[in-house]
Chemist: 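Right, I'll just put the structure down here and ask away after.
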Amino acid sequence: MKILANDGLSEKAIKTLEGAGFEVLTTKVAQNQLAPFINEEQIDILLVRSATQAKRDLIDACPALKLIGRGGVGMDNIDVVYAQEKGIKVINTPNASSHSVAELTFAHLFSGVRFLYDANRNMPLEGDTRFNELKKDYANGHELRGKTLGIIGLGRIGRAVATIALGLGMKVIAYDPEQQEATITLSFFDGHSLDFVIKTISKKEVLEEADFITLHIPAQKEAVIGEKEFQQMKDGVGIVNVARGGVIDEEALLHALEHEKVAFAGLDVFEGEPTPSIRILMHPRVSLSPHIGAATLEAQERVGDELAEQIIKMMSEK
């Protein structure tokens, strides 16, 4: 069987799949050339991350496809139900990238409370001439320890975020309509561990009580955080979105930033990807990254391992 890993695959996973008898192609095929390539090369399995779209038109154009795999959690770039209706198996890797996304969440939080998003812009420009002034400008940072983190979405990534927060000495509160509680395990280098039980509360309570808010939810039909929700938050709140573009209303966010309801925002995802709003990109109190939550070498190796394991198991059952 032939596999096209159109958005890349770890070398370890490629070797594992080849050892099981699969032929793996890692040619990067443009979206508009994908269907002809799949058909001409007689591809059986298509593997994607977030860049490649596997929507209804591609599925209809490639009737020989047997499986579509998503290297990551969210599958909004795949028409999952339609593919399954056509007899195509669909898999993802829900466990592989959680910790990497959680760490990026805290990269944005640390950047926000210590003004690194702004210092990294101004130090190259003015650090040699206005060093003392910049030192004064950035002298009123905050610690995360002892603050309240509000997590919206307590799935795998939300729980990974809670683990780091608890380790930092933060109070963690959470909203998730699908869960009443979650057990968070802190594992230490010496083999010891501690369990914490987090009971979820209402979204309104999270918004009102949190010093910082992070979002870890799938793509939504409409924003989860908009003007009404910003009004419910504390003054000077920090907010981080590493989930999906559109779960925060960006116009409402800009308004909240301008009126200092929100002290800073950290964004890895955007409404207009891959062409985010210039107003968002240029705002002096927004920490930015280009949708790289799962983009660590460790996560990509785990993604590859998880995909390879599932593919070998599923194809051997046929």
Side-chain angles (χ1 to χ4, degrees), residues 73-74 76 98 101-102 104-106 108-113 142-184 196-271 280 283 285-287 293:
V73 181
D76 42 294
S98 298
V101 179
L104 183 65
T105 300
F106 276 89
H108 280 293
L109 284 170
F110 281 119
S111 175
V113 294
H142 293 280
E143 295 180 354
L144 293 179
R145 181 179 178 85
K147 305 302 190 302
T148 299
L149 178 66
I151 298 174
I152 296 180
L154 201 57
R156 292 176 179 87
I157 295 172
R159 293 196 295 271
V161 168
T163 302
I164 298 174
L166 291 168
L168 285 170
M170 301 184 78
K171 176 184 177 181
V172 176
I173 58 177
Y175 164 71
D176 189 320
E178 303 298 323
Q179 297 191 61
Q180 293 185 333
E181 64 178 44
T183 299
I184 308 299
F196 293 80
V197 176
I198 297 176
K199 295 185 181 296
T200 57
I201 57 179
S202 70
K203 184 169 78 169
K204 183 174 183 290
E205 289 174 297
V206 169
L207 297 175
E208 291 175 344
E209 296 177 22
D211 299 303
F212 307 100
I213 295 168
T214 65
L215 292 97
H216 310 286
I217 54 179
Q220 307 288 311
K221 292 182 179 179
E222 57 185 35
V224 172
I225 303 295
E227 183 179 350
K228 173 187 172 184
E229 287 74 22
F230 282 118
Q231 289 175 356
Q232 294 173 336
M233 297 177 191
K234 289 182 176 181
D235 291 341
V237 69
I239 188 164
V240 174
N241 181 18
V242 294
R244 284 290 184 268
V247 299
I248 295 179
D249 181 329
E250 290 181 359
E251 284 298 321
L253 173 60
L254 287 167
H255 184 270
L257 285 163
E258 292 303 322
H259 289 79
E260 300 187 353
K261 168 60 76 170
V262 173
F264 71 87
L267 301 178
D268 185 51
V269 291
F270 305 87
E271 287 181 1
I280 286 287
H283 198 283
R285 286 189 285 117
V286 178
S287 174

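Everything quoted here is computed from the prediction, not taken from an experiment.
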Chemist: Looking at E143, I want to see if its CD is surrounded by more than 12 non-hydrogen atoms of other residues, nucleotides or ligands under 6.0 Å.
Modeler: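 No, the 6.0 Å shell around CD holds no more than 12 heavy atoms from other groups.
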Chemist: Strictly distance-based, threshold 3.5 Å: is any side-chain N or O of T200 a donor or acceptor partner for the main-chain N or O of A174?
Modeler: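 No, the answer is negative, given that no donor and acceptor are paired below the 3.5 Å cut-off.
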Chemist: Please lay out, stage by stage, how Q179 and L154 fare under the test side-chain contact (heavy atoms from CB on, under 4.5 Å).
Modeler: CA-CA 8 Å; Q179 297 191 61; L154 201 57; 4.2 Å; yes
Chemist: Which atom names give the shortest non-hydrogen contact between V197 and T183, and what distance separates them?
Modeler: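 Result for this residue pair: CG2-OG1, 4.0 Å.
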Chemist: I'd like to check E209 versus K204 (side-chain heavy atoms, cut-off strictly below 4.5 Å). Are they in contact?
Modeler: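 Of all side-chain heavy-atom pairs linking K204 with E209, none is under 4.5 Å.
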Chemist: What's the separation between atom CG in D249 and atom CD in E227, rounded to the nearest 0.5 Å?
Modeler: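 Spacing of CG (D249) from CD (E227) equals 8.5 Å.
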Chemist: Among L267, L257, L215, T214, which residue satisfies the side-chain contact (heavy atoms from CB on, under 4.5 Å) criterion with I239?
Modeler: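 Considering L267, L257, L215, T214, a side-chain contact (heavy atoms from CB on, under 4.5 Å) with I239 is found only for L215.
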Chemist: What I'd like to find out is whether the side chain of H283 reaches to under 4.5 Å of the side chain of L254, using heavy atoms alone.
Modeler: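 Of all side-chain heavy-atom pairs linking L254 with H283, at least one is under 4.5 Å.
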Chemist: Go through it in stages, so that I can follow the logic: the residues are L207 and I213, the test is side-chain contact (heavy atoms from CB on, under 4.5 Å), and I'd like the CA-CA distance, side-chain angles, deciding distance and then a yes or no.
Modeler: CA-CA 8 Å; L207 297 175; I213 295 168; 3.8 Å; yes
Chemist: Flag the pair H255 / K261 as yes when at least one side-chain heavy-atom distance between them is below 4.5 Å, and no otherwise.
Modeler: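 H255 does not reach K261 side chain to side chain.
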Chemist: Among L149, V172, V161, which residue satisfies the side-chain contact (heavy atoms from CB on, under 4.5 Å) criterion with L166?
Modeler: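 Filter result, single survivor: V172.
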Chemist: Could you report the tightest heavy-atom contact between I173 and A210, atom names first, then the distance?
Modeler: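 Where I173 meets A210 most closely, the heavy atoms are CD1-N, 4.2 Å.
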Chemist: In terms of side-chain geometry, is the basic nitrogen of K203 or E229 positioned less than 4.0 Å from the acidic oxygen of its partner?
Modeler: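 Salt bridge flag = yes for E229 with K203.
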Chemist: So Y175 and I152, do their side chains get closer than 4.5 Å, heavy atoms only?
Modeler: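 SC-SC contact between I152 and Y175 confirmed.
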Chemist: Could you tell me which non-hydrogen atom of A219 sits nearest to which non-hydrogen atom of R244, and how far apart they are?
Modeler: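 Heavy atoms of A219 and R244 come nearest at N-CG, 3.7 Å.
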Chemist: Tell me the closest heavy-atom pair linking I248 and A223, and the distance in Å.
Modeler: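 What the structure gives for the nearest pair is C-CB, 4.1 Å.
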Chemist: What distance separates E181 CD from K199 NZ, expressed to the nearest 0.5 Å?
Modeler: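 Rounded to the nearest 0.5 Å, the CD-NZ separation comes out at 4.0 Å.
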Chemist: Could you pull out the closest heavy-atom pair between D176 and G155, with the gap in Å?
Modeler: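 Looks like OD2-N, 3.9 Å.
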Chemist: Could you point out which residue of K234, K147, K171 forms a side chain to side chain donor-acceptor pair (under 3.5 Å) with D211?
Modeler: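 The side chain to side chain donor-acceptor pair (under 3.5 Å) with D211 is passed solely by K234 among K234, K147, K171.
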Chemist: Do F106 and L144 have side-chain heavy atoms sitting under 4.5 Å apart?
Modeler: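 A side-chain contact exists here, since the closest heavy-atom pair is under 4.5 Å.
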Chemist: Under the ring pair (Phe, Tyr, Trp, His ring centres under 6.0 Å) rule, what pairs show up with a residue in residues 205-234, not counting sequence neighbours?
Modeler: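 Residue pairs passing ring pair (Phe, Tyr, Trp, His ring centres under 6.0 Å), neighbours aside: none found.
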Chemist: To the nearest 0.5 Å, how far apart are CD in E208 and CD in E205?
Modeler: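 Rounded to the nearest 0.5 Å, the CD-CD separation comes out at 7.5 Å.
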Chemist: Counting only heavy atoms from other residues, nucleotides and ligands, does the tally under 6.0 Å from CD of Q220 exceed 12?
Modeler: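 Atom CD in Q220 is packed in, count exceeds 12.
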Chemist: Looking only at heavy atoms, what is the nearest atom pair of F264 and L109, with distance?
Modeler: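 That would be CZ-O, 4.0 Å.
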Chemist: Does E250 reach the main-chain N or O of E271 with its side chain, forming a donor-acceptor pair under 3.5 Å?
Modeler: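 Yes, because the side chain of E250 sits within donor-acceptor range (under 3.5 Å) of the backbone of E271.
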